[in-house]
Amino acid sequence: MAEVGEIIEGCRLPVLRRNQDNEDEWPLAEILSVKDISGRKLFYVHYIDFNKRLDEWVTHERLDLKKIQFPKKEAKTPTKNGLPGSRPGSPEREVKRKVEVVSPATPVPSETAPASVFPQPLLFLSSHLQNGSARRAVAAQPGRKRKSNCLGTDEDSQDSSDGIPSAPRMTGSLVSDRSHDDIVTRMKNIECIELGRHRLKPWYFSPYPQELTTLPVLYLCEFCLKYGRSLKCLQRHLTKCDLRHPPGNEIYRKGTISFFEIDGRKNKSYSQNLCLLAKCFLDHKTLYYDTDPFLFYVMTEYDCKGFHIVGYFSKEKESTEDYNVACILTLPPYQRRGYGKLLIEFSYELSKVEGKTGTPEKPLSDLGLLSYRSYWSQTILEILMGLKSESGERPQITINEISEITSIKKEDVISTLQYLNLINYYKGQYILTLSEDIVDGHERAMLKRLLRIDSKCLHFTPKDWSKRGKW
C-alpha cells in the first residue's frame with residue numbers, strides 16, 4: 001500500500017464521497033493538486049466521469065491508497081532533426097486570461113438531416129385523426145422505436161442550459177476545450193461569492209485577479225457587478241453606486257420580470273464583470289476581454305430595492321451563422337423555476353422581430369442540447385396541435401412554415417421532429433404522427449410552464465450592425 005507522502009499530481013485512486021441518495025461510494029478520481037496546511041495534507045480531486053463542479057479538497061482519510069494508480073512517465077520521442085523532444089500532443093501549460101464567454105461547451109455530434117430531405121408539405125396525422133389501417137401501417141415500420149418520456153419528465157423540465165441539474169454524472173462527453181489542459185484552470189479558484197442576498201458557491205474556474213482567490217468570500221455589487229475584497233469595501237461602494245438596474249435599455253417588462261439590453265462596447269466594465277461572474281458557472285468556455293462585438297440581455301426580478309439579476313444571454317451583433325445566442329445562464333438561486341426556458345423564448349422573440357431564424361451557437365453541451373430540445377419540442381408541438389383541417393382533408397405544413405412561425409432554424413426543426421420520432425414515410429409521402437402519449441406529455445409539460453414571454457410587452461428595435469459606426 002502506498003504512503004500518503006507518495007501521492008503526487010496525476011495519481012488516480014478511489015475517493016470516498018456521498019451520492020445524491022446520501023450513500024457512500026468510491027468513484028475513481030484524479031489528484032489535481034496537493035497542498036500542506038499546518039502539517040496536514042489536502043488533495044484536490046476530480047471525480048472521473050463526473051461533472052467538474054463536484055471537484056473538491058479532501059483529506060487522506062477519504063483516499064483508498066490500496067488501489068492507487070501512479071501517472072505513467074511520458075516517453076520522449078525524437079524530433080525531425082533527431083533530437084529528443086516532448087511527445088506530440090502534450091498539453092499546453094499557459095494560462096490565458098481573457099474575458100467574454102462566446103464559445104459553447106462540450107461538443108455533441110449532430111445527425112440532422114438536411115432540409116432538402118423534406119421538400120414537400122408534411123401531412124399531419126394525429127392519433128385522433130388516423131384511421132385504423134394507417135395507424136397500423138405506421139406502427140409496423142421496421143427499425144422505428146418510439147421514444148418514451150420525451151416530454152414532461154423532471155429532467156426535461158429542468159433549466160439544463162442554466163448549468164448542471166442535480167444529477168452530476170456527465171455522459172457522452174467528447175472533446176474538451178484546450179484551456180482544460182491547464183492544471184490551473186481545471187481547479188475552482190473562488191471559494192464563495194456574495195451577490196445581494198445570495199451566497200453562491202462557484203462551480204468552475206474564473207479568471208478573477210489572483211489576489212482575490214485567497215479570500216473566503218468575494219463580495220459583488222449586485223447592480224454593477226464590481227467586486228470587492230471585504231464587506232466593508234462593498235458597503236463603501238454602495239454609498240457611491242447609484243445603479244439599481246443593469247446599465248442598459250429596458251426593452252421588456254411584465255409583472256416583476258424585466259429584460260435589459262446592454263451593449264458590450266458602451267458598457268464594457270459591466271459586460272466584463274458579468275462574464276467573470278458567469279464563468280464561475282459555465283465550463284469549457286473561451287474568454288475574451290473584447291466585449292465590443294456582443295450584446296447582453298440581462299433578465300431581472302424587481303422589488304422595492306431594485307432590479308436583481310436572475311440570468312442573461314449574450315449574442316453577437318453580427319453572426320454569419322445565424323446564431324441568436326452565444327452564452328446563456330440562469331444563476332443558481334433561480335434555477336429550476338422556469339427561467340431558463342424564458343431566456344430561450346426571449347431570444348427567439350428577438351429573432352422574430354428581426355425577421356430572422358436563429359439557433360444557439362454550436363456545438364451545444366449535452367445539457368444545453370437537452371434544454372433546447374425541450375423548448376423546441378414544446379414550441380413545435382404547440383404549432384402542430386393548433387393545426388386545423390380544411391374541408392375534411394388532413395392539415396398540411398412544411399418545415400419552412402414551422403421555421404417561419406417559430407423563428408427556429410430549419411435544421412433544429414428537423415432534428416427535433418426526428419428526436420421525437422414524429423416523421424414517418426407512408427404511401428409515398430412524409431407524414432407527422434402524434435401519438436396520445438406525446439400529446440398527453442406535452443399538455444402536462446405546458447401546465448408546469450407558467451412563465452411565458454408576452455410579445456406585447458417587448459419594445460425592441462433591431463439595429464443594422466453591418467454599419468460599423470453603430471458599434
With rounding to the nearest 0.5 Å, note down the distance linking [atom1] in [X] to [atom2] in [Y].
X      : Y      : atom1 : atom2 : answer
Ser403 : Ile380 : OG    : CD1   : 9.0 Å
Ile309 : Glu301 : CD1   : CD    : 12.0 Å
Arg197 : Leu195 : CZ    : CG    : 9.5 Å
Phe313 : Phe346 : CZ    : CZ    : 6.0 Å

Looking at [Y] and [X], is there a salt bridge between them, counting it only when a charged N and a carboxylate O are closer than 4.0 Å?
X      : Y      : answer
Asp412 : Lys362 : yes
Asp263 : Lys317 : yes
Glu222 : Lys305 : no
Arg449 : Glu345 : yes
Arg18  : Glu25  : no
Glu354 : Lys315 : yes

- Message: Apply side-chain hydrogen bond (donor to acceptor under 3.5 Å, both in side chains) to residues Thr291 and Gln272 and explain how you reach the verdict.
- Response: CA-CA 7 Å; Thr291 59; Gln272 292 180 351; 4.9 Å; no

- Message: So does Arg253 get a backbone contact from the side chain of Ser258, meaning a donor-acceptor N/O pair under 3.5 Å?
- Response: no

- State whether the side chain of Glu30 and the backbone N or O of Ile48 hold a donor-acceptor pair below 3.5 Å, judged by distance alone. no

- Identified side chain to side chain donor-acceptor pair (under 3.5 Å) counterpart of Ser351 within the set Asn324, Thr357, Thr359, Thr406: Asn324

Hey, would you say the [X] and [Y] ring centroids sit under 6.0 Å apart?
X      : Y      : result
Phe307 : Phe260 : yes
Phe223 : His237 : no
Tyr348 : Tyr375 : yes

- Query: Is there side-chain contact between Leu215 and Arg229, with at least one heavy-atom pair below 4.5 Å?
  - Reply: yes

- Message: Looking at every heavy atom in both Leu54 and Tyr47, which two are closest together, and how far apart are they?
- Response: O-CE1, 3.5 Å

